[in-house]
Structure formats: structure tokens, C-alpha cells
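Letters A, B, ... mirror the listed sequences (proteins, then strands); counts begin at 1. Since the structure is predicted, the reported quantities are computational estimates derived from the model, not experimental observations.
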Number of protein chains: 2
Amino acid sequence: MKVTINDVAKLAGVSMKTVSRVINKEPSVRKKTYDIVMDAVNTLNYQPNLAARNLAGTSSFTVGLVYDNPNAYYVIDMQNGVLSRCKEEGYELVIHPCSYTDSNMEADFKTMIKRSRLAGLVLTPPLSEQNSIIDMLDEMGIHYVRVLSGRPSDEDQDTCIYVNDYAAAYEITAHLLSLGHKNIGFLCGDKEHKSTTERLEGYQAALKDHNIAINNALVYEGQYSFESGVEGAKALLGENNPLKITALLGGNDEMAAGALFASRLMGIEIPEQLSITGFEDSPFSRQTWPKLTTAHQANDVISQHAARLLFRKTRGARNQDKDIITTFTPSLVIRESSGPNSAS
Amino acid sequence: MKVTINDVAKLAGVSMKTVSRVINKEPSVRKKTYDIVMDAVNTLNYQPNLAARNLAGTSSFTVGLVYDNPNAYYVIDMQNGVLSRCKEEGYELVIHPCSYTDSNMEADFKTMIKRSRLAGLVLTPPLSEQNSIIDMLDEMGIHYVRVLSGRPSDEDQDTCIYVNDYAAAYEITAHLLSLGHKNIGFLCGDKEHKSTTERLEGYQAALKDHNIAINNALVYEGQYSFESGVEGAKALLGENNPLKITALLGGNDEMAAGALFASRLMGIEIPEQLSITGFEDSPFSRQTWPKLTTAHQANDVISQHAARLLFRKTRGARNQDKDIITTFTPSLVIRESSGPNSAS
DNA sequence: AGTTAAAATGACAACGCTGTCAATGTTCTG
DNA sequence: CAGAACATTGACAGCGTTGTCATTTTAACT
């Protein structure tokens, strides 16, 4: 019933160790031997036992995905991306949701790492942006790859995958400017996320490049949530829109959806009276009315590359994956929530 | 650096095996010994190595969660529920997304099970409802717990957690009936999901109990997706609403949101001209305008109980968890998308 | 062909734990 | 207080793999 490496070795007429070499793709195996062993592997439908490999080997075959993110779509995408690579490489994935406000997060973390010696960790924002965590991991000698908001100029292409929120926000803002908008509001997400400042700076840079004065009164400081989007829109547009805002950048799709909701309550027509844009292109940016103009962020692809980067570090010389992309720029997707400035 | 069971044994002045007994909560350990060992465990901050336990023991410490569901909110909730129990019990979770249309799903499945001998599996709809899969697992002798749509009368409380969609649909329909609606449309989800027929039957039963004739023209057969909700609403309400529908039950929140979207396109006011209800109470039922009346389904709690049920099976006599709930009925949540029938 | 270096393979211990079974303590019986 | 019965503990093998190092085979030279 249960097929072990010994069964394969016996069938192939070689030693256990040679089979081990074959399944680990070690170089010094004769082509002919390799084929014989692989035949045996296939006929027996052999699957190496993960627990044994993890126990015996120096490197482990499980990777961890750590996240602190309420956005289910984001988490699932990241998970699927990492998972797809894991499957290909024969790794196992252990997921670890946590809260960065939680005081015993650190202990929690260590427990996880101890229990199953990990090959490495994929960290997502905002945890990937916390120095205390990075330091801890460095100290413990744990491999990791960070997915975070940043620009190509940011160095450390060896442990980081950057999402260029700056450029994407610039592009969205430029889109709105090209539609004739001048008073453009901005709904900030959580301060803990680097993406918040990156997006804000991209927005400001675009305004500057188009010779529009930056007005801090147009910026609402909130969180990346629907409710915060509602609040932000009310705060910026309430009392008859004193700032004469004609376009609103949502910090992400949820905030944009919240702004959409608030606008409806205030009787503001979208996009006729107000353009609203999102960020991330999560499924529900297509499930609002009208559908959101947003910046598409390919989280599944991003996380696949994160996993590849991790494997490259982990398996050292054996694996020199060269086609890893380390900077991703979300791209503008124009839908129905943005339109020309009718006030101009 | 790395603390093993031997270190603990040495410090406690007992044998390795006794430490093993303590951490596995085996009965025949003297209280005094237990305390001494636990002290040692705590001072050394010992964490038993999972790979070693899985390799040496007869029962494994990893459970699998299998799903084929595009709904990110659902998956995350299920995952979190199972994960929280795993954490408490010292188990590890391996997630396994798959597609039931995929032809090599079965092989895939077996591979996963072979690679890491699993303590058991938590199956979610629609996979939990496929007999071919259940048979395969039975044949392989794998423990599992199924989460599926069903009623309390359904037996097999040992391997199944039932979600009483029938009762919930009945309740929603009764709610609409009490608001004076008579021509109530129904947007069916995927046929592959048992929940679809359960919800449909609940709806029909409520109509029947209120002496309203069942009209199959009011039922749209679609899928559990936003797009399908859009299509369904258009199909049922288009061409000037010939069926004089005043209320629409969405098969789930996504379909309801789709119906909301379609209504907006058709210039129908919600809830003034049409009531729309969802199902599941996923986050975005609160992020539509107006917010959806729906049935709250506590997926995280459900999956926690699923995990508990699995552990009870797995650990046999040692664990006689008696407070496991095996039937959950989603409960009506009234929000703004349903209102009195203005046509009456 | 004879020697030597290099490549390919194998024998065996070890990874950290649990299962088995034997050995020791402890309590109870008459 | 001896002896049985039971509760508690320990010694040791083994789970299925990989790492180390020794051995054999092949290739590359004189």
C-alpha cells in the first residue's frame, strides 16, 4: 500500500540513496540510472514522504505565508499564487494569519517556526514593512521574501518584491487630470501600510507635474475599509462640497466602494457629478454600480514570483531562476466610475 | 539553540518517553511527574517537532482543508475557523484548493494525501456533496468531515456538519411574504450545490404554507455569481416586468448584488419598487447600496465545529468533545434592500 | 595496458519523535 | 507482611528520508 524509497530502489535495482539523488535532482547521476529510477518512481507512483524529508534533511519542504490583512480577495490571491509554485516544487504551505497589534505575535511566530522548521516565509504588508519583524527573522536566521510597496529604485531585489504603488497612483491621477479634473480628493488608507504614503506621493507628484497646487484639505486620513471610505467621502464632500471636488481617489477598492455608497446617500451622481477611482482591481470593483475605474494589481502573479524568489534563496546553487520579476506596477483599468469633469 | 525532547527529559530527570507521554496528555502519568516535566517544557520553551511526530506516530498532526469555491470570503472564513482549532490542538493545516471539473483532481488528491499522511480532511461544498469523492476517501481509509447543505433530520452527525439552507430560505421568504409580497422571484445558484435545491425548496415551502401558488417562471436557473445575478434579474424583470415581481431572492449575496446592479441599470428603485435579498451575509452584503437583507451564516463557527468533529474522530477515546453543533441555520438579517410591497 | 583522477554509487548513521514491551514502584489483599 | 494486581516509568527499535564518507566504476591520461 504505502510506497517508500526502498521499494523504488529495489525495483530499480539501485540503492536507496541513488533514488534520493534522483528525486532531489542532484547532478551526479548518470542519465541512464536517472531514467531507470524515474521509471520505477512512475510505475509505483511513488511520493516522497514529506515528514521524513523534513526530519532528515537540512532544508525543509514547507514554506509559510504570513499575513495580517482583512481583505479576503487579497489573501486568497496571494495564497493561490504561492500555492501554485509550492505544488510544482513539491513544497507544502502553512498559512499563518496574525495581527500586528497582537502583543504575543512574536512568540506566536517563533512557535510556528519551531514546530515545523520552515524553508522560508513569504511576508505580506503590513508585516513585511515592519522592521521589528524583519530583525527578528534575521536574528533567527530564517529565510524570507517580503512583498511590499516600493519603487524599482529601492534596492534589495534579493528578498523583496515591490509593488509600485507610486507609479500606479500617478497614472490614476493623470487619468483624472486628463479628464479635466482639478480638485481631486484622496482617501488615504492605514498609515501602517507603506502603500498609503506611496499612493499619496504618486498622486501628489502627478498634480505637481500638471502644475496643480497640492491642497492637504483634499486628503482624508482613513483606513482601507468600506466604512472609512464612506466616512471619508462624507468628510470631503459633505455640506455641499465646499472644496468643489470633482474626482476622488480611493486608497483601495473598498474605500472607493464606500465613497460610492456615500455619494449615493448624498444624491451625487457617479460619474456625472463625481469621478471615483479604486485601487487593486479586486473582484468587487466590478460588482459596484457603476463599475470602478481602478489599478489592476496581479496579486496571484506577484505572489508566484515571491515564492520563486524564496525558492531561489532556499535551494541555493541548485536553482538559479533568472526570470523573476521583482517590481510590479498596477495598471490603469478604466471602467464607468470615472468621466470628464462636467464643471469645467 | 534547538530544543528536543531529550533536552527536556534531561532537565526534568525523566526518560524521553515520559516527556512524550506528558505532551500527548496520556493518562498514566503521575501528577507530580507531569508538573516537573511541564516546568522543564516551559523553561526550555520546548516545541515538539511536527515532522518527527508525523513520522514516528501512527496518527498524524496535519489536517487538510479542501475547497472548490470562488468565494474568497467563504474560503477565508472556513480557513480561519479550522485554523483556530488547529492552533489550539497543535495541528497543522494544509490547504488544498481544487476544481471538481478538473479531471486529474482525484490523482491530485491522492498525491496530497500520500505526501503528508493526514489526520483527516475537512470538505466543503460542492466537493463534500460528491459521492465519488466520499467513496474514494472511504476506500482510502481517510478520515473526513463534510460541511454541506442539509436539515437536522439528515442523519450522519458523525461526519457531517449541516447548514440548514432550507430553513433559512423559508425564513427569508416568510419575511418577504410578511411585507406583502406575492410575486417573488428566485435566483438559483449552481445545480452542483445542494444548497441550491435546499434554498429553492425552502422558498417553495414558505409560499405553499402561505397559500401562494408556485410558479416556475419565477425561478431563474443560474450560478452563484455576480454576473449570473445580473443576468437573472434581467431575465425575470426585463421587458417591463411582465410577471409583476415585487421581490427577488438571490441565491447568495453575490447574485443579489448582481440583481441590485441590474435593477439600477433598468431604473428600478430598491427597495421601493423591488425588494432584493441575499444569502450568507458575506461582507459585501454590507457594501452594496442599499445594504442587503440576507441570512447570516457563521462560516467561521461552522468550520470550527467541523474541525472539532474531525479531531474527535481522529483522536478517538482521548477526546470526547460533546458540545459540537452539527446543524447550523443561517438567521435572517434585515437591512435596507427589502421593504413593503408598494404595489399592494 | 597501466596508472590516476574524477564521477557515480552505496552503506550506514542520524533526524526527533512514538510504539512496544519490559522493568520498576506502589497499593491493596488477606 | 508476603504476594498479587495495578500504576508508572524506561530502554530501545523504527518511522522514511538525507548527509557523510567509503567504495566502485568510468574516463583520461601516459
Side-chain angles (χ1 to χ4, degrees), chain A residues 1-10 12-37 40-41 44 46-62 90-92 113-119 314-316 318, chain B residues 1-10 12-37 40-41 44 46-62 90-92 113-119 314-316 318:
Chain A
M1 175 66 217
K2 202 186 293 166
V3 183
T4 75
I5 200 170
N6 270 304
D7 302 324
V8 179
K10 218 164 288 171
V14 299
S15 80
M16 199 168 75
K17 181 68 218 191
T18 298
V19 177
S20 170
R21 290 199 177 90
V22 169
I23 61 175
N24 286 295
K25 295 201 174 41
E26 286 179 31
S28 66
V29 176
R30 204 171 315 215
K31 175 79 173 65
K32 201 175 142 198
T33 323
Y34 180 91
D35 291 340
I36 295 172
V37 172
V41 166
L44 293 178
Y46 167 67
Q47 285 295 332
N49 178 301
L50 243 154
R53 294 180 102 178
N54 282 343
L55 187 58
T58 43
S59 69
S60 126
F61 282 84
T62 62
Y91 278 70
E92 181 175 77
I113 292 167
K114 275 190 189 173
R115 285 171 46 83
S116 24
R117 196 166 41 73
L118 296 174
T314 301
R315 315 222 293 185
R318 277 187 212 167
Chain B
M1 177 65 217
K2 203 186 294 167
V3 182
T4 77
I5 200 171
N6 270 304
D7 301 323
V8 178
K10 218 164 288 172
V14 298
S15 81
M16 200 169 74
K17 181 68 220 195
T18 299
V19 178
S20 170
R21 291 201 176 89
V22 170
I23 61 174
N24 285 296
K25 295 201 174 40
E26 286 178 32
S28 66
V29 175
R30 201 171 315 208
K31 174 80 171 66
K32 201 175 141 199
T33 323
Y34 181 90
D35 290 340
I36 295 172
V37 171
V41 165
L44 293 178
Y46 168 67
Q47 285 295 332
N49 179 304
L50 243 155
R53 294 179 101 178
N54 282 343
L55 187 57
T58 44
S59 69
S60 126
F61 282 85
T62 61
Y91 279 70
E92 182 175 75
I113 292 167
K114 275 190 189 173
R115 284 169 49 81
S116 26
R117 196 165 41 74
L118 296 175
T314 301
R315 314 222 294 185
R318 277 188 211 165

For this session: Starting at atom NZ of Lys31(B), determine the distance to atom P of dT8(D), rounded to an integer number of angstrom.
Result: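 One finds 13 Å between P of dT8(D) and NZ of Lys31(B), rounded.
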
For this session: Please state how far atom NZ in Lys10(A) lies from atom P in dT17(D), giving the value in whole angstrom units.
Result: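 That distance rounds to 13 Å.
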
For this session: Could you pull out all residues at least two apart from Ala9(A) that satisfy side-chain contact (heavy atoms from CB on, under 4.5 Å)?
Result: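 With sequence neighbours excluded, Ala9(A) shows a side-chain contact (heavy atoms from CB on, under 4.5 Å) to Val19(A), given in chain and number order.
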
For this session: Specify the separation, in whole Å, of atom CD1 of Ile36(B) and atom C1' of dT9(D).
Result: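 Rounded to whole Å, this separation is 13 Å.
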
Exercise. Can you check whether Val3(B) reaches Val8(B) side chain to side chain, under 4.5 Å on heavy atoms?
Worked result: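 Yes, close enough: below the 4.5 Å cut-off.
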
Problem set entry | Non-hydrogen atoms of Val29(A) and Arg21(A) that approach each other most closely |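 Minimum heavy-atom separation between Val29(A) and Arg21(A): CG2-CB, 3.7 Å.
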
For this session: Return the value, rounded to whole Å, for the distance between atom CZ of Arg117(A) and atom P of dT18(D).
Result: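 In whole Å, dT18(D) P and Arg117(A) CZ are 12 Å from each other.
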
For this session: Return the set of residues passing salt bridge (charged side-chain N to carboxylate O under 4.0 Å, His left out) with Asp35(B) (not counting sequence neighbours), or none when no residue passes.
Result: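 Asp35(B) satisfies salt bridge (charged side-chain N to carboxylate O under 4.0 Å, His left out) with Lys31(B) only.
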
Can I get a per-line list of side-chain donor-acceptor pairs under 3.5 Å for residues 54-61 of chain B, giving both atom names and the distance, sequence neighbours left out?
residue: Asn54(B); atom: OD1; partner: Phe61(B); partner atom: N; Å: 2.6
residue: Ser60(B); atom: OG; partner: Thr62(B); partner atom: N; Å: 3.1
residue: Ser60(B); atom: OG; partner: Thr62(B); partner atom: OG1; Å: 3.4
residue: Ser60(B); atom: OG; partner: Arg117(B); partner atom: O; Å: 2.6
residue: Ser60(B); atom: OG; partner: Ala119(B); partner atom: N; Å: 3.3

Exercise. Are the side chain of Asn24(B) and the backbone of Glu26(B) linked by a donor-acceptor contact shorter than 3.5 Å?
Worked result: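 Looks like no, no N/O pair under 3.5 Å.
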
For this session: Let me have a per-nucleotide readout for nucleotides 9-17 of chain C, 5' to 3', with B, S or -, counting only protein heavy atoms under 4.0 Å.
Result: BBBB--BBB

For this session: Can you tell me the distance, in whole Å, between the CZ atom of Phe61(A) and the P atom of dT18(D)?
Result: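 That distance rounds to 7 Å.
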
Problem set entry | Heavy-atom closest pair, residues Ala12(A) and Ile36(A) |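 For Ala12(A) and Ile36(A), the tightest heavy-atom pair comes out as O-CG2, 3.6 Å.
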
For this session: Could you check how far NZ of Lys114(B) sits from C1' of dG16(D), rounded to whole Å?
Result: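 It is 15 Å, rounded to the nearest whole Å.
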
Problem set entry | Any residue meeting side chain to side chain donor-acceptor pair (under 3.5 Å) with Lys17(B), in chain and number order, not counting sequence neighbours |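 By the side chain to side chain donor-acceptor pair (under 3.5 Å) rule, Lys17(B) matches no residue at all.
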
For this session: Mind grabbing the angle between the end helix axes of the helix from dA1(C)-dT30(D) to dG30(C)-dC1(D)? Five pairs an end, 10° rounding.
Result: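 Comparing the axis at each end, I get an angle of 30°.
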
